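Reading through the structure tokens given below for one structure.
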Amino acid sequence: MDVKLYKVKLLTVVCEILAQKNVLEILERHNVTGYTTFEVHGKGARGIRGQGLQNEKNAKIEVIMREEKLSDVIEEISRTMFADYALVLYVGDVGVVRTEKF
Amino acid sequence: MDVKLYKVKLLTVVCEILAQKNVLEILERHNVTGYTTFEVHGKGARGIRGQGLQNEKNAKIEVIMREEKLSDVIEEISRTMFADYALVLYVGDVGVVRTEKF
Amino acid sequence: MDVKLYKVKLLTVVCEILAQKNVLEILERHNVTGYTTFEVHGKGARGIRGQGLQNEKNAKIEVIMREEKLSDVIEEISRTMFADYALVLYVGDVGVVRTEKF
Amino acid sequence: MEVLELIQSNLLTPIVLFFLFGIIAARIKSDLKIPEAISEFLPIYLLAAIGLHGGIEMRNTGFERMLVPMLVAIGLSLLFTINHYQILRRLGKFNLYDSYALASTYGAVGAVTFSVGLSFLRDQGVTSEGYLAAVLAVLEPVAFILAIFMTNMAAAKQLRAKKQSAGGDEIDVGVQKTRLSGVLRESVTGKAIVILLGSIVIGYVIGSEGFEPISIVFEEMFVGAIVIFMIEMGVIAGQRLEDIKRVGVFLTAFAIVMPTINGIVGVVVATVMGLSLGGSVMFGLLLASASFIAAPAVLRHAIPEAKPSLYITSALGITFPYNIIVLLPIMFAISTITHGYESIDLFRHMAGGWT
Amino acid sequence: MEVLELIQSNLLTPIVLFFLFGIIAARIKSDLKIPEAISEFLPIYLLAAIGLHGGIEMRNTGFERMLVPMLVAIGLSLLFTINHYQILRRLGKFNLYDSYALASTYGAVGAVTFSVGLSFLRDQGVTSEGYLAAVLAVLEPVAFILAIFMTNMAAAKQLRAKKQSAGGDEIDVGVQKTRLSGVLRESVTGKAIVILLGSIVIGYVIGSEGFEPISIVFEEMFVGAIVIFMIEMGVIAGQRLEDIKRVGVFLTAFAIVMPTINGIVGVVVATVMGLSLGGSVMFGLLLASASFIAAPAVLRHAIPEAKPSLYITSALGITFPYNIIVLLPIMFAISTITHGYESIDLFRHMAGGWT
Amino acid sequence: MEVLELIQSNLLTPIVLFFLFGIIAARIKSDLKIPEAISEFLPIYLLAAIGLHGGIEMRNTGFERMLVPMLVAIGLSLLFTINHYQILRRLGKFNLYDSYALASTYGAVGAVTFSVGLSFLRDQGVTSEGYLAAVLAVLEPVAFILAIFMTNMAAAKQLRAKKQSAGGDEIDVGVQKTRLSGVLRESVTGKAIVILLGSIVIGYVIGSEGFEPISIVFEEMFVGAIVIFMIEMGVIAGQRLEDIKRVGVFLTAFAIVMPTINGIVGVVVATVMGLSLGGSVMFGLLLASASFIAAPAVLRHAIPEAKPSLYITSALGITFPYNIIVLLPIMFAISTITHGYESIDLFRHMAGGWT
Ligand SMILES: Nc1ncnc2c1ncn2[C@@H]1O[C@H](COP(=O)(O)O)[C@@H](O)[C@H]1O
Ligand SMILES: Nc1ncnc2c1ncn2[C@@H]1O[C@H](COP(=O)(O)O)[C@@H](O)[C@H]1O
Ligand SMILES: Nc1ncnc2c1ncn2[C@@H]1O[C@H](COP(=O)(O)O)[C@@H](O)[C@H]1O
Ligand code: NA
Ligand code: NA
Ligand code: NA
């Protein structure tokens with residue numbers, strides 16, 4: 001039997017944990033239906049993150065979404081958050097079974 | 001020096017943690033050689049998950065596998081689990097060095 | 001509005017946690033600018049990992065990097081670590097906004 | 001009225017107050033939370049403490065007297081589970097799966113409720129029979145096993161009906177069976193039962209003397225540990241308050257009336273069997289309590305078709321607070337009466353002499 | 001000199017020694033670390049213990065006498081915050097955002113510092129007014145609210161200036177307002193304030209008698225718990241030592257001189273208001289302390305433009321060690337004098353009689 | 001026989017019983033588990049408690065008498081490590097890497113075993129020399145450093161042999177050297193040694209008086225904390241039972257015989273050096289114990305070619321249970337004899353008078 005996969009986008013945001021709320025609010029505003037989050041450590045332009053105080057960890061947020069909404073979401077994150085927060089985002093292609101969920 | 005990468009599939013399943021066992025059993029049944037798991041939080045059709053009781057978290061399961069087995073695994077997960085469990089799955093393309101491992 | 005995405009590589013390494021340091025040192029040596037890490041459980045050729053002693057967990061290391069450096073990094077990891085450590089690595093394609101960060 | 005006074009004084013214990021505090025913290029959307037590792041550890045700790053205590057008591061008093069109460073408890077638990085099912089299915093119009101899931105959630109027992117009960121008795125200067133910890137352990141899986149068995153029977157029957165009309169698939173019946181045996185295994189090896197039974201045995205073996213070097217951790221810190229756990233329970237209950245609206249009037253009423261009946265029956269039966277004043281309260285509490293930690297772990301595998309939001313929310317959000325705040329003092333008052341004390345005040349005087 | 005002796009004897013307490021040990025462990029790049037769940041739980045525990053203790057004290061002594069010290073503390077906190085801002089902006093040449101962030105970090109209070117202070121007083125055999133826990137709770141958000149309000153005013157003004165020259169966007173002003181109200185909500189429902197206020201109320205309600213069964217966890221284990229937390233604080237401070245070079249001479253001086261002034265003013269004002277010897281030390285410590293757990297959580301949302309490396313590093317890496325090692329004994333010595341004891345030694349004799 | 005009785009009574013302590021319980025829980029595939037944060041914290045806590053205790057003792061008794069036992073311990077540890085290697089390589093036919101890894105695992109010491117030993121002595125009413133905590137700290141890295149050095153020597157030799165036949169690569173020798181120095185650094189700054197040494201120093205500085213406010217956490221809770229940790233150790237050991245079959249008969253025998261010999265030699269040598277009855281047991285236990293927490297952390301970097309399943313499984317799954325259940329009472333009996341008590345019973349009587 002063959003399963004049909006539909007193409008959607010997987011947006012990943014890695015940011016300082018105190019900025020997670022901002023990202024989720026942006027997703028909310030764009031009516032994104034779901035997301036998955038977890039805590040990570042990391043290193044980047046703002047040095048090593050995750051060793052010190054609890055608030056200095058990073059969060060990783062993964063969002064499966066249709067291509068239509070993608071650039072609006074990225075644009076808002078870029079505009080409102082790139083300057084002030086430790087943050088990295090990237091986009092990949094994935095296939096899903098139940099396209100109606102996203 | 002150039003490293004040769006072989007194309008395989010990366011299947012990701014995000015599901016309620018109590019359903020993790022079911023997914024791993026399905027993988028077992030299809031002789032999948034390995035997987036990686038971790039605990040995540042998330043939001044989806046069944047609301048926010050990860051705040052309340054320990055059992056209400058999500059698990060994320062990532063499996064590198066050859067395309068051959070992929071649709072059987074997806075088919076069994078879809079058939080036996082989509083109806084009753086909070087679950088999302090998606091598939092991406094990745095390249096690996098040691099194709100014999102998968 | 002349309003956001004322009006630049007193509008880069010996402011290298012993922014899953015390895016026993018005591019080998020994480022070795023991987024990060026290799027990244028350092030190749031002047032990779034950043035990475036994201038977190039602790040995971042898993043199963044593979046070396047059995048189930050993550051149940052027993054703290055030191056027997058796995059780490060997952062994700063690195064966004066330009067294609068140029070990729071094969072050198074993979075080559076060094078393969079050469080120095082494949083034989084002795086529980087380790088899996090794979091590479092995917094992703095798009096990023098701020099290409100200058102990587 | 002004395003019961004009201006008892007409820008009121010119970011309301012002002014750290015345990016109840018910190019639970020209410022947790023609810024408020026969740027309602028005002030505070031980020032207060034006991035870290036997961038701690039709130040995962042505390043039930044293990046509480047059960048170990050309960051078990052050790054129970055085991056030591058059993059060593060002192062012998063456990064020949066345990067058999068009857070144990071069998072009666074099992075019988076009542078099964079009876080109540082079937083009763084719950086009938087009420088939920090017939091009157092509540094819940095579907096097969098939700099009915100059995102809920103029936104067994106209320107037929108099962110709550111270890112946290114049991115801990116709070118022990119601490120309540122301690123405040124009243126009363127003790128209870130040590131073997132009740134063993135009853136707690138044995139009662140844990142009983143209701144689930146019954147409900148799972150019944151659900152599988154019913155599902156198999158539906159399947160057979162279908163098969164007779166069309167060509168059936170044998171495989172699914174096999175799946176049902178594996179499911180049942182798998183679930184049985186799981187619920188008996190669940191961490192709650194295992195740590196409880198293990199600690200009872202160890203308590204029995206070491207006795208008071210062997211317990212002495214660990215009594216500071218496993219006895220003196222007990223109430224403080226419950227307090228910390230109650231913060232988290234309160235927060236979780238508070239986060240679910242919205243869901244309570246969604247469980248509906250029927251289930252809300254069920255979640256209050258049923259434990260009350262079960263609990264009072266329990267107190268009376270226990271008195272008849274000769275349990276002490278405190279023991280009768282704990283016996284009633286076992287029957288009144290609903291499971292909200294073990295239930296999801298077992299039922300999500302065993303009856304995946306049932307909606308966890310129903311059974312978790314009603315057990316944790318309604319029955320648990322009701323039990324520890326209102327029903328516990330009521331059962332204590334009833335037990336005082338069934339044990340022949342004319343009034344609670346009288347009893348208090350006597351208790352004063354005991355401690 | 002007596003102050004030096006006091007500093008020296010304070011230096012040799014487990015709390016300070018384990019803090020220094022944590023710093024050393026971090027400096028030699030040891031992998032020593034208190035697991036996150038534990039170090040996340042400890043502040044909650046410490047605040048609950050402080051709150052319960054304060055509440056019980058308030059029940060014993062009444063809280064009518066609390067009003068004046070509370071209002072004075074709020075007034076001083078606001079005054080100091082504005083003063084800090086002027087100094088940082090004018091003399092330190094920090095930008096608007098960093099100035100307000102730093103000003104409020106030092107205007108706010110540190111709960112960990114407060115815990116250490118209580119334990120220091122205990123060592124000296126001195127008590128302090130219970131209502132100071134309530135002052136701690138109320139003081140937590142005050143400085144942040146002021147600083148956030150002022151920053152938003154200033155930012156709006158800049159915006160308006162821009163708008164007059166070009167075509168302005170209304171939306172951003174709206175964003176500013178939502179931000180402010182959101183931040184206000186958040187800082188008042190922050191876990192530290194919530195657990196502290198909740199525990200004060202519960203302590204008040206249960207009184208010493210109700211506290212008795214949990215006193216082993218919430219009182220006797222207090223100092224041991226601080227010690228464990230200080231290891232982690234030391235490790236984190238040690239990891240930041242490099243950053244201290246980067247904060248510059250001005251901020252380093254500010255991080256030592258400002259708390260000293262604020263603290264001494266606090267001790268004197270408290271003495272004038274009639275607080276006890278120990279209470280005056282704690283009042284001074286409240287004003288001297290800088291926030292390093294609450295500050296990032298609030299400021300990162302409220303003033304994202306400010307560099308957290310500045311305010312966290314100076315508060316945790318410089319002011320905190322200075323306060324608990326040097327300033328605390330100094331304030332104690334001053335309070336001894338302002339309370340009319342001719343020398344600390346004399347006092348010690350008397351204290352000996354009290355305990 | 002008295003030794004058997006001693007073994008039997010030791011078997012019935014909470015520590016041993018909860019360890020066995022953990023094994024059973026793992027064997028019946030229960031999901032029982034102490035959350036990671038707790039089981040990561042407990043060794044730190046245990047080492048801090050051991051260190052503080054040792055430091056305070058050293059302050060009371062002076063540490064001039066420490067030098068000889070320390071040097072003898074180091075000497076024996078090195079000697080034993082080489083001896084282990086010869087046996088493993090020649091008789092056991094293990095490869096170079098596995099031989100050195102195993103040799104040093106058994107040459108090193110186990111902090112958890114040490115904790116259990118202290119608690120065993122406490123049960124027997126016997127004390128031990130405080131400076132043994134310092135010996136524990138110093139002994140931690142010694143065997144590893146030797147084994148790593150020897151492995152690198154051997155590897156370099158192999159390399160040189162290869163180079164002579166073909167064209168060698170210089171780089172790898174450099175790598176070997178960096179590896180060695182890196183590993184040395186790491187093993188000396190490992191959290192176990194750091195917290196242990198730090199706590200010894202702090203204990204020495206604060207003395208009994210300074211310890212008083214934290215004694216409830218760092219002394220009275222000690223045995224309870226070990227019990228909790230032993231559950232987890234049991235679970236982990238139980239999960240590995242299958243692996244034990246795979247380590248083979250030779251290694252299984254080695255994992256029992258070697259510690260027995262080393263331990264008895266230790267007791268005798270300690271007696272000769274003048275250590276007390278309890279101190280001689282602890283000295284023997286240091287030499288008998290194998291490392292299973294530090295070993296993987298050090299060896300995985302230092303000798304990555306060695307199979308961790310060998311050294312972890314034998315140390316944790318065989319030697320650890322054997323040591324705490326069987327060998328500890330045996331060594332106690334021997335020490336009783338070497339210290340001139342005719343029988344254990346006699347000793348008990350005397351001990352009774354001491355406590
Ligand atoms: N090249 C990279 N690959 C993967 N993750 C990265 C990379 N650069 C940064 N990150 C993650 O993004 C966080 C913030 O990055 P930055 O703002 O550059 O400090 C880091 O702490 C990492 O977790
Ligand atoms: N659009 C999405 N992107 C990423 N993860 C999702 C998405 N939707 C759902 N999830 C994850 O899958 C879990 C179950 O989803 P659901 O069954 O829709 O409640 C959620 O709790 C999320 O962790
Ligand atoms: N097929 C796979 N898919 C995903 N992760 C894997 C796979 N195989 C191995 N891993 C991960 O890599 C770790 C080491 O693999 P191994 O060296 O094969 O034992 C495992 O513990 C898993 O976490
Ligand atoms: Na029940
Ligand atoms: Na302040
Ligand atoms: Na040894």
Side-chain angles (χ1 to χ4, degrees), chain A residues 1-15 17-42 50 54 57-67 69-70 73 90-102, chain B residues 7-17 20 23 26 30 36-51 56-65 67-95:
Chain A
M1 189 206 133
D2 235 352
V3 181
K4 171 113 193 72
L5 294 175
Y6 301 88
K7 279 201 163 180
V8 292
K9 292 288 176 181
L10 174 63
L11 167 67
T12 304
V13 180
V14 179
C15 62
I17 199 151
L18 290 173
Q20 172 171 340
K21 235 186 113 183
N22 306 35
V23 175
L24 298 186
E25 276 166 13
I26 292 172
L27 295 178
E28 199 84 26
R29 255 202 297 287
H30 290 270
N31 301 312
V32 170
T33 55
Y35 55 78
T36 295
T37 63
F38 47 104
E39 295 181 357
V40 297
H41 290 195
Q54 253 71 52
K57 278 176 301 193
N58 289 339
K60 190 171 175 189
I61 304 156
E62 297 181 331
V63 196
I64 308 165
M65 59 199 295
R66 304 209 183 180
E67 186 141 22
K69 290 179 188 169
L70 184 67
V73 168
Y90 54 89
V91 179
D93 294 302
V94 293
V96 296
V97 180
R98 297 183 286 183
T99 174
E100 68 282 4
K101 271 191 79 87
F102 307 100
Chain B
K7 279 201 164 179
V8 292
K9 293 287 176 182
L10 174 63
L11 167 67
T12 304
V13 180
V14 180
C15 63
E16 48 177 305
I17 199 152
Q20 172 170 341
V23 176
I26 292 173
H30 291 270
T36 295
T37 64
F38 46 104
E39 295 181 358
V40 298
H41 290 195
K43 207 190 101 176
R46 310 212 178 200
I48 293 178
R49 299 189 54 84
Q51 313 187 305
E56 298 183 280
K57 279 176 299 191
N58 289 340
K60 191 172 176 190
I61 304 156
E62 297 180 333
V63 195
I64 307 166
M65 59 197 295
E67 187 140 22
E68 295 96 83
K69 290 180 186 170
L70 184 67
S71 51
D72 285 355
V73 169
I74 295 182
E75 187 275 330
E76 187 168 343
I77 294 176
S78 313
R79 182 168 45 79
T80 61
M81 300 185 64
F82 272 5
D84 293 330
Y85 295 103
L87 190 149
V88 153
L89 72 76
Y90 54 89
V91 179
D93 294 301
V94 293

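Throughout, protein chains are lettered first and strands after them, A, B, ... in sequence-line order, and every chain is numbered starting at 1. Keep in mind that what you see is a predicted model, and the values were worked out from it rather than measured.
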Under 4.5 Å from any heavy atom of chain A, what part of B:F38 do you find: side chain, backbone, both or neither?
side chain

At a heavy-atom separation under 4.5 Å, does A:E62 approach chain B through its side chain, its backbone, both, or neither?
side chain

Return the option, out of A:I61, A:I64, A:D93, with the maximum number of heavy-atom pairs under 4.5 Å with chain B.
A:I64

Which answer fits A:L10, side chain, backbone, both or neither, if we ask what part of it has an atom under 4.5 Å from a heavy atom of chain B?
side chain

Chain B neighbours within residues 17-24 of chain A, where any heavy atom lies under 4.5 Å away
none

Please classify the contact of A:T37 with chain B as side chain, backbone, both or neither, using a heavy-atom distance under 4.5 Å.
both

Could you tell me whether the side chain of B:V88 reaches within less than 4.5 Å of the side chain of A:T36, counting heavy atoms only?
no

Residue part contacting chain A, namely of B:V14, when any heavy atom lies under 4.5 Å:
side chain

Report, by ascending residue number, the residues of residues 94-102 of chain A in heavy-atom contact with chain B at a distance under 4.5 Å; give 'none' if the set is empty.
A:V94, A:G95, A:V96, A:V97, A:R98, A:K101, A:F102

With a sphere of 6.0 Å drawn around CD of A:E67, does it hold more than 12 non-hydrogen atoms of other residues, nucleotides or ligands?
no

Largest heavy-atom contact set with chain A, pairs under 4.5 Å, which of B:S78, B:G44, B:G50, B:A45
B:G44

